[in-house]
Number of protein chains: 2
Amino acid sequence: MNAEPGFAPNVLAAECPSRQVLKHLTSQWGVLVLLALQEGTLRFSALRRRVGGVSERMLAQTLQVLEGDGLIRRTAHQVVPPHVDYALTPLGQEAALRVAALTGWIEENLPAFLGTRT
Amino acid sequence: MNAEPGFAPNVLAAECPSRQVLKHLTSQWGVLVLLALQEGTLRFSALRRRVGGVSERMLAQTLQVLEGDGLIRRTAHQVVPPHVDYALTPLGQEAALRVAALTGWIEENLPAFLGTRT
DNA sequence: CGGGATACTTACCAAAATGTAGGCACTTCC
DNA sequence: GGAAGTGCCTACATTTTGGTAAGTATCCCG
């Protein structure tokens, strides 16, 4: 399909916009949120409980960034006790796959890492 | 082999040591260094030129962290104009594969990301 | 012999990331 | 009525990250 960028995206180039996306995706909490949402839609406080150690502030901020990149979809139900849920978009699901591949590999090889440190 | 951890590594848990490894691997410069070294051994200044926008300070720091995690191997040749090269260890190569899968996907889908932002 | 390259380190400083604490508006549960 | 839960936001403080500049020792190039 078309795709005539005039330039090839390259993360090794400082000016490439892909750098920003990379930064968002690989941010401390970005990775974990993607991972948590891979299992299904979650609401704010459930997400907060799922992702160990995240503060409300950082969770809210991270969610906004990821939503801005089109990776997650935020749905607010106008009911009295606020009810909002977050889910991955198709794009987000693809991203989550790659992220999960990385984190899964880390978990599997954790002994190897712990071993290198005496 | 054996593998009776007594606990399952889980990045979603705040106390899990895998969190540290994840942080190193997904750090701004960590990702890019892994990527750059995937193509082959490089020496310090070549690496610096390869990774756009990195400062000497951050490159040196990043290399030390990744070396500490056993992802890269540093080899210093004791010659008068200093000559040091950096290469991926087998563990580092596996990590680089996953990281490259993520960055490659980002580069391919960059138009989709740029599109979400009006 | 001055300038540049090599591979760093250290000191100093600015900027970004992140945590803490409190507020808001309203409901339900006890 | 009072406490807790919901989904945030804002202000303030601290921690981490990252940049700049300079120093080090030695060699090669012109």
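Predicted model only: the values in this text are computed from it and were never measured. Each chain gets a letter, A, B and so on, in the order the sequences are listed, and its residues count up from 1.
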Side chain of [X] - closest among [options]:
X     : options               : value
A:A60 : C:dC8, D:dG18, D:dC8  : D:dC8
A:V84 : C:dC8, C:dC12, D:dG7  : D:dG7
A:R74 : D:dG7, D:dG18, D:dC12 : D:dG7

Q: Name the residue closer to the 5' end of DNA chain D, choosing between A:P81 and A:L63 according to the nucleotide with the nearest heavy atom.
A: A:P81
Q: Report the residue (A:Q61 or B:S55) whose heavy-atom-nearest nucleotide on DNA chain D is the more 5′ of the two.
A: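 Looking at DNA chain D, the more 5' nearest nucleotide goes with A:Q61.
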Q. Taking atom CG of A:L35 and atom CH2 of A:W29, what is their separation to the nearest 0.5 Å?
A. 12.5 Å
Q | Interatomic distance, B:L66 atom CG to B:R74 atom CZ [nearest 0.5 angstrom] | A | 13.5 Å
Give the rounded distance in Å between these two atoms: [atom1] of [X] and [atom2] of [N].
X     : N      : atom1 : atom2 : value
A:M58 : C:dT20 : CE    : C1'   : 13 Å
A:Q28 : C:dA16 : CD    : P     : 19 Å
B:R57 : C:dC13 : CZ    : C1'   : 10 Å
A:W29 : D:dT16 : CH2   : P     : 13 Å

Q: Using the six-membered ring wherever Trp is involved, compare the ring planes of A:F44 and A:Y86 and label them parallel, tilted or perpendicular (cut-offs 30° and 60°).
A: tilted
With distance as the sole test, does [X] use its side chain to make a donor-acceptor pair with the main-chain N or O of [Y] at under 3.5 Å?
X      : Y     : value
B:E107 : A:A8  : no
A:T89  : A:L71 : yes
A:N10  : A:A13 : yes

Q | A:V54 or A:P82, whichever maps to the more 5' nucleotide of DNA chain C | A | A:V54
Q | Closest-nucleotide ordering on DNA chain C, the 5'-leading residue of B:Y86 and A:G53 | A | B:Y86
Q.
If the cut-off is 4.0 Å, is A:Q64 near the phosphate of D:dC9, judged by side-chain N/O to OP1 or OP2?
A. yes
(Q) Quick check on contacts: within residues 32-52 of chain B, what sits under 4.0 Å from DNA chain D by heavy-atom distance? (A) none
Q.
For a 4.5 angstrom cut-off between non-hydrogen side-chain atoms, does B:D85 reach B:L47?
A. no
Q: Check every strand shown and say whether B:E56 touches a base, only sugar-phosphate, or nothing at a heavy-atom separation below 4.0 Å.
A: base
